[in-house]
Protein chains: 2
Amino acid sequence: MDTTERTEQALAAERRRRELLEAAERVVLRDGPGASMNAIAAEAGITKPILYRHFGDKGGLYAALAKRHTDALLASLRAALDAPADRRTRVETTLDTYLAAIEGAPQVYRFLMHPADSASPGEQGFDVGRHSAPLLRRLGEELAEVIAERVDLGADCERLARVWGHGIVGMMHAAGDWWLGERPCGRDELVRDLADLLWGRLAAAGNREGGPGF
Amino acid sequence: MDTTERTEQALAAERRRRELLEAAERVVLRDGPGASMNAIAAEAGITKPILYRHFGDKGGLYAALAKRHTDALLASLRAALDAPADRRTRVETTLDTYLAAIEGAPQVYRFLMHPADSASPGEQGFDVGRHSAPLLRRLGEELAEVIAERVDLGADCERLARVWGHGIVGMMHAAGDWWLGERPCGRDELVRDLADLLWGRLAAAGNREGGPGF
DNA sequence: ACACCTTGTTACTTGCGGTAACTAGAGTCT
DNA sequence: AGACTCTAGTTACCGCAAGTAACAAGGTGT
């Protein structure tokens, strides 16, 4: 039981695990989130119990599957948030990074965020919500940190930053979700419009003539 | 088969349906969204097939269950949106209405929005996401309408209004969700902070000293 | 008396998540 | 060499929930 052999086996196990994850991803992207463990095992060329040995349960498999993508997304968003540029540019870059990510891999996105949708209807999906929500929460917290450390808010700055962090992430997520479904405009326009919203254009705009006068 | 009798029976059927829905709600609020059709039927004092005759499948039952609450919520939000007051007040009132609703019935809220969470873990929840998302979509569209008809945006006004509608709804939803979980502050503070965000305070705030200078 | 709908039942099928118990092969200790 | 163990793999099963088929009973019209 010398170390080299141990690590060798450990590496082999990890490789296997990656293979399984890739098979799972293939199935899940093909059949939707309702894919059964049997189907995933079959795609990987093995049978169920091995999956359970590797991932504990279905949630574990899914969590591992989700982690790969969320980690990558978080990394690029962090980069955009930390870029040396003025605030408006940074906001736009970050929005654009997120939207580009979900635009580039909508299958993955739908899998992460919308359990029940994709693939044949009538399927009872994964309990995916349990994993998309944490992603958004983490995002909100990270954004809050950046806001708190960069923007000069008055008293209660920490609470304000967190409220804004989660609020902005929610705005980005909801708008992105809608946009991805309807594609009513180009990505750049969406980015500009959202940034305008955050820049107070809603407050600055005048009232429509003929309205109730407010 | 005269009409009076027909309607009488139809009314009886509707009453029954409401009773079933109430039973279902009781169970779902007690056991979480993983409640089985058997359990619901038992609570209603009958057996499964009747539920299926009334609601088609589990999704149908859930849709009916969700409709009751979403309709009520939508109605009060519409009222807040249409109130005769200046824009900032209207925004704050609407936010407060939403937050008060989810604060007042968090069980219902969690059921509508967060399938997998509540109740014992390891449950495979409803495919609830399929019903919460439409609610948010409808909300976004309604808000977009109000914005488009009340606020004077320039060209592309319709697209802008829809982007903002969905964005603001998402902001409200995400912030509310986070707030409901952590309760970091009072409702009024949250409302004020979110309104401040929409009023451009993020853009107006200065940079923190010691930061990278942007 | 007979055919009818509605409401309800029991008993079943199907399919999935998850597990127990066993097998084959490869490396290790004595 | 032969016993020991560890690991990837299997088959065969359990429990449970969704959904369905087939049947039973009570009121109603003809």
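As the structure is a prediction and not an experimental result, all values here were calculated from the model. Reminder, nothing fancy here: chain letters follow the sequence lines and each chain counts from 1.
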Can you check whether Ala13(A)'s main-chain N or O pairs, donor with acceptor, with Arg18(A)'s side chain at less than 3.5 Å?
no

Find the distance Met37(B):CE to dC12(C):P and express it as a whole number of Å.
21 Å

Figure out the CD1/P separation between Ile50(A) and dG9(D), and round it to whole Å.
4 Å

Donor/acceptor link under 3.5 angstrom from Lys58(A) side chain onto base of dG18(C)
no

For Leu51(A) and dT10(D), give me the distance from atom CG to atom P, rounded to whole Å.
10 Å

Within the pair Thr47(A) and dG9(D), is there a side-chain N or O less than 4.0 Å away from OP1 or OP2?
no

Rounding to an integer number of Å, can you tell me how far Glu19(A) CD sits from dA8(D) P?
12 Å

Is Ile46(A) touching bases, backbone alone, or none of the nucleic acid, heavy atoms closer than 4.0 Å?
sugar-phosphate

Closest of dT10(D), dA18(D), dG18(C) to the Pro49(A) side chain is dT10(D)

Rounded to the Å, how far apart are Asn38(A) CG and dG15(C) C1'?
9 Å

Between Asp31(B) (CG) and dC16(D) (C1'), how many Å, whole number?
15 Å

For the residue pair Glu182(A) / His166(B), report whether a side-chain donor-acceptor contact shorter than 3.5 Å exists.
no

Let me know which of Val146(A), Thr93(A), Ile147(A), Leu139(A) forms a side-chain contact (heavy atoms from CB on, under 4.5 Å) with Leu81(A).
Val146(A)

Test: Arg162(A) cationic atom under 6.0 Å from Trp164(A) six-membered ring centre, within 45° of axis
no

Over how many whole Å does the gap from Leu20(A) atom CG to dG9(D) atom C1' extend?
12 Å

With DNA chain D as reference, determine whether His54(A) or Lys48(A) sits nearer its 5' end, using the nearest nucleotide of each.
His54(A)

Any Arg16(B) side-chain N or O less than 4.0 Å from OP1/OP2 of dT6(C):
no

More than 12 heavy atoms from other groups under 6.0 Å of CD on Glu145(A)
no

Give the rounded distance in Å between these two atoms: CZ of Phe55(A) and P of dG18(C).
14 Å

Testing dT20(D), dG9(D), dA8(D) for proximity to the side chain of Tyr52(B), the answer is dT20(D)

Give one of base, sugar-phosphate or nothing for Arg53(A), where a contact means two heavy atoms less than 4.0 Å apart.
base

